[in-house]
Amino acid sequence: MDFDVNGFFYTDNFGDDCRKYLNITRKATTLMSPQLMIVMMNPGSSVPIDETANNILTPTLYDPTQLQIMKIMDRKEIDFARIINLSDLRESKSSKFYSKIRNSRKDNQHSIFHESRM
């Protein structure tokens, strides 16, 4: 695929790995704003190529879902898509994700609905 994948990764106050958003852009595009916004549950299994990257937009290893998005972008001639998630918590297993937000994370700072995300 002829796309770059970059994510904004960070570690929150609870020590959890998070991703605020992910950009998928066609290589050499000059667009500065997404043509397509995708809302998903949580970041899943994509990770920064440099695991030490924190609080910066950084190249990312894409996951199978993002690969499918790239295929759609290619067919529809979309050059820039952004993925945001209902939760920033990076957890690829849904059962662990649900357990975390039910049991150990009673706050909602990881949510796009948190007041700090206005």
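Note that the numbering runs from 1 along the sequence shown for the chain.
The hydrophobic cluster containing Ile49 also includes Val47, Leu61, under a criterion of side-chain heavy atoms closer than 4.5 Å among ILVMFWY residues, counted directly or through chains of members. Ile56 forms part of no hydrophobic cluster, judged by ILVMFWY side-chain heavy-atom separations under 4.5 Å. Hydrophobic clustering, defined by side-chain heavy atoms of Ile, Leu, Val, Met, Phe, Trp and Tyr closer than 4.5 Å, groups Phe80 together with Leu31.
Contact of the Asp12 side chain with the Asp88 side chain is not registered, since no non-hydrogen atoms from C-beta on lie closer than 4.5 Å. Here the side chains of Val39 and Leu86 are in contact, with some heavy-atom distance below 4.5 Å. Side-chain contact between Arg19 and Asn42: absent, with no pair of heavy atoms (C-beta onward) separated by less than 4.5 Å.
Counting only N and O atoms by type, the side chains of Tyr10 and Asp17 include no donor and acceptor under 3.5 Å apart.
Residues forming a side-chain contact (heavy atoms from CB on, under 4.5 Å) with Asp63 (at least two apart in sequence, or on another chain): Ser45, Ser46, Thr65, Gln66. Residues forming a side-chain contact (heavy atoms from CB on, under 4.5 Å) with Pro48 (at least two apart in sequence, or on another chain): Phe9, Glu51, Thr58, Arg90. Among residues two or more places apart in sequence or in another chain, the side chain to side chain donor-acceptor pair (under 3.5 Å) test is passed with Thr52 by Asp50.
Residues Asn85 and Met41 share a closest heavy-atom pair of CB-O, 3.8 Å. Considering all non-hydrogen atoms of both residues, Arg26 and Ile78 come closest at NH2-O, 3.1 Å. Listed here is the closest heavy atom pair of Pro43 and Ser87: CD-O, 3.2 Å. In this structure, Asp74 and Phe3 approach most closely via the heavy-atom pair N-CZ, 4.0 Å. For Ala81 against Ile38, the heavy-atom pair with the smallest separation is CB-CD1, 4.3 Å.
Interatomic distance, Leu22 CG to Ile69 CD1, rounded to the nearest 0.5 Å: 8.0 Å. Within the model, atoms CD1 of Ile84 and CZ of Phe8 stand 14.5 Å from one another, a figure rounded to the nearest 0.5 Å. Taken from CD1 in Ile24 to CG in Asp4, the straight-line distance is 10.5 Å, to the nearest 0.5 Å. Atoms CG and NZ, on Leu67 and Lys71 in that order, are 5.0 Å from each other to the nearest 0.5 Å. The CZ atom of Arg82 lies 10.0 Å from the NZ atom of Lys20; values are rounded to the nearest 0.5 Å. Note: Asn6 CG to Thr60 OG1 = 5.5 Å, rounded to the nearest 0.5 Å.
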